[in-house]
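What follows is a set of notes on a single structure, which appears directly below.
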Amino acid sequence: MDLARDIALGALGVVAVVTGALVFRVDSMARATYLLAASFVAVGASVVLLHLDYVGVVVVLMMLMEMAVMGVYMVMFMGMNPALMPMSMVHSGRRAVIAAVTCFVLLAVGILLVPWPTRTEVPTSALPSSSEATTYALGDALMGDHMLVMMVVSQVMLATIVAGIVIAQARGRYERLGDDLKGGSR
Amino acid sequence: MAEAAVVQVAAPWVLLAAVLLGALALAGSSLDGALAARAAGRPAGTGAGRPLTEVARLMRQRRRTTVAADRLLWRLATSSFVVAALLMVAVVPLGRWTLADASVGVVWFNAVDVLVWVLVWLAGWGPNAMHSLVGGYRFLAQAMAYELPLMFALTAPAVAAGSLRVGDVAAAQSAESGSGLPFVVWMPVAFVVYCIGVLAFSVRGPLSPAAGPALAGGVLGETSGLDRLLLLAGRSALLAAGAAFAVPLFLGGGSGPLLPDWAWVLVKTAALLAVLVVVRRRLPDVRPDRFLALGWTVLLPAALLQLLVVAVVVVGRS
């Protein structure tokens, strides 16, 4: 069972890396965007395999949503006129390669040098399944006593974003009220 | 939570799930066809058989294509609507049995309904045609309006049941292990918001800016043959899957008198599906920008208030 899981984990890792790399090989913004989405879905699936069901499924949910919206912006802004035509997904080749290789080496060295703790015990709680207990333990470790603060802050942030967009839009709040701001005809 | 509320069945049973989902989707389409025929002054029977004749016609139709179409993404999108619907019903318990007793079934459903965004946009992008692409964009604009209220509507039953497992949510409404009160009774707002979300993600009117006649078919405009068949079947299946998921979430799951629990799930699903099909025909089409205002100023606050009520009740009860 553990072997099957390890193999699946490895396969998902390969899928994530290959689809991620293909992002830079295709010539269509739609394909690049959704290859990136596929890469993230593979990452989400591997998180599920690590007994973090909730986090994994949320990663898939958020990334699909994000890539669907990002695709719109990419097509709008990234191309010449806009990116409805085939286009290259790379620029500044030499510098980009150097930056990518440097990052990769740094991260890989980090991964190899960090003294990773081994799992000594499976988290237990009143929750029914081990994946729920693991998710709970992770949330507790990350947030601890700050959970309430984070939840309140997230509401404030969302409200700020929405309000910011409403205020920033030239034709957001008032256009539907007409020139006299009394509603009625546009 | 002493024992599992549902039993996970072996993978081959997915075939039965597919057959049931297909039958429900066909029944929904037939009802829709019958209503359309009656509205046009023809006998309802001619319309009820329309989906089957349409299947036969589309299976024989030669595939049309467009210049510089992105075939890979197009085919992938049109053929995946059915898969998305099947992924949704995979977590819906049919009485005591379920295909996937996922500990986060509610979130799973949510993730798959976001997958529909991707599929609609890709179905619009694929043919390299203007009306299709505009349809894809309009769907995303509309999604901004329905998705957040839908998420909070899904959250309400989960909060009340204290679990994201669909079987637990259903069990919390049964007389033996829970309150015996279907969630729809004390979460009517969440239920209505959920149903609006289902109507929206099944890409049909009144929330069908992506594929309506106003856009010369939109994402449907350039599809033909098998692709079109799969897309049409997929959106009927999505509506059926949405109705099926409402049963454990809001309608008390398999609980009911006389009939066995699996039969109740099917009966409730069919009833809700019929209501959705009938209601859909009676509402006017809504433009995405108008729907955005409705979504953010009415549906979202309403869903949040509903969630607040549920949360207060849960805290008060414990």
Side-chain angles (χ1 to χ4, degrees), chain A residues 26-35 37-38 41 44-45 48 51-73 75-76 82-86 126-136 155 158-159 162-163 165-166 171-173 175-177, chain B residues 1-5 68 70 72-74 76-77 84 87 91 100-122 124-126 128-130 133 136-141 143-144 147-148 151 162-165 167-168 289-290 292-293 296-297 300 304:
Chain A
V26 293
D27 64 353
S28 135
M29 201 47 99
R31 287 191 178 195
T33 304
Y34 286 104
L35 275 168
V41 168
V48 170
H51 301 299
L52 289 167
D53 295 10
Y54 178 77
V55 180
V57 177
V58 165
V59 164
V60 172
L61 191 166
M62 297 312 292
M63 283 306 149
L64 286 177
M65 195 181 258
E66 203 168 308
M67 289 302 130
V69 174
M70 194 189 81
V72 172
Y73 283 92
V75 169
M76 241 192 318
L84 293 166
M85 307 297 278
L127 293 160
S129 75
S130 81
S131 99
E132 285 166 44
T134 310
T135 307
Y136 186 91
Q155 309 289 317
L158 178 69
V162 173
I165 291 171
V166 169
R171 25 184 294 182
R173 275 185 302 174
E175 198 200 36
R176 66 199 165 91
L177 298 178
Chain B
M1 297 210 182
E3 60 190 273
D70 191 336
L72 174 70
L73 292 183
W74 195 11
L76 203 64
L87 288 176
V91 293
D101 188 23
S103 62
V104 290
V106 176
V107 190
W108 172 259
F109 177 86
N110 204 190
V112 179
D113 95 60
V114 172
L115 175 66
V116 176
W117 297 23
V118 172
L119 298 182
V120 175
W121 191 81
L122 285 178
W125 168 269
N128 190 28
M130 185 193 70
L133 188 61
Y137 278 107
R138 284 194 183 176
F139 187 82
L140 285 186
M144 294 295 145
E147 190 62 48
L148 232 53
M151 278 182 177
S163 170
L164 289 168
R165 194 183 294 271
D168 290 346
D289 55 341
R290 295 274 173 90
L292 268 169
W296 281 87
T297 58
L300 184 60
L304 282 172

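- Note that the OG1 atom of B:Thr297 and the CG atom of B:Leu292 stand 10.0 Å from one another [nearest 0.5 Å].
- The side-chain contact (heavy atoms from CB on, under 4.5 Å) test applied to A:Ala38 returns A:Thr19, not counting sequence neighbours.
- Both the backbone and the side chain of B:Leu72 come within contact range of chain A, judged by heavy atoms closer than 4.5 Å.
- By the 4.5 Å heavy-atom criterion applied to side chains, A:Leu84 and A:Val75 are counted as neighbours.
- In this structure, chain A has a heavy atom under 4.5 Å from the side chain of B:Leu140, while its backbone stays farther away.
- Residues satisfying the ring pair (Phe, Tyr, Trp, His ring centres under 6.0 Å) criterion with B:Phe139, sequence neighbours excluded, are absent altogether.
- Between B:Ala111 and A:Leu64, the shortest heavy-atom distance links the atoms O-CD1, 4.0 Å.
- Heavy atoms of A:Thr135 lying under 4.5 Å from chain B are absent altogether.
- Under the 4.5 Å side-chain criterion, counting only non-hydrogen atoms from C-beta, B:Leu76 is not in contact with A:Tyr34.
- The stretch residues 55-63 of chain A places A:Val57, A:Val58, A:Leu61 near chain B, each with some heavy atom under 4.5 Å from a heavy atom of that chain.
- The side-chain contact (heavy atoms from CB on, under 4.5 Å) check on B:Ala143 picks up B:Trp117, B:Tyr146, with sequence neighbours excluded.
- Interface summary for chain B: among A:Gly71, A:Ala68, A:Ala37, the most heavy-atom pairs under 4.5 angstrom belong to A:Ala68.
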task: Decide side chain to side chain contact (heavy atoms under 4.5 Å, CB included) for B:Trp74 and B:Trp125; before the verdict, give the C-alpha distance in whole Å, the side-chain angles of both, and the deciding distance to 0.1 Å.
output: CA-CA 7 Å; B:Trp74 195 11; B:Trp125 168 269; over 6 Å; no
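- With chain A as partner, the option from B:Val104, B:Leu122, B:Leu164 having the largest number of non-hydrogen pairs under 4.5 angstrom is B:Val104.
- Residues A:Met67 and A:Thr33 share a closest heavy-atom pair of O-CG2, 3.3 Å.
- In this structure, the portion of A:Val162 lying under 4.5 Å from any heavy atom of chain B is its side chain and not its backbone.
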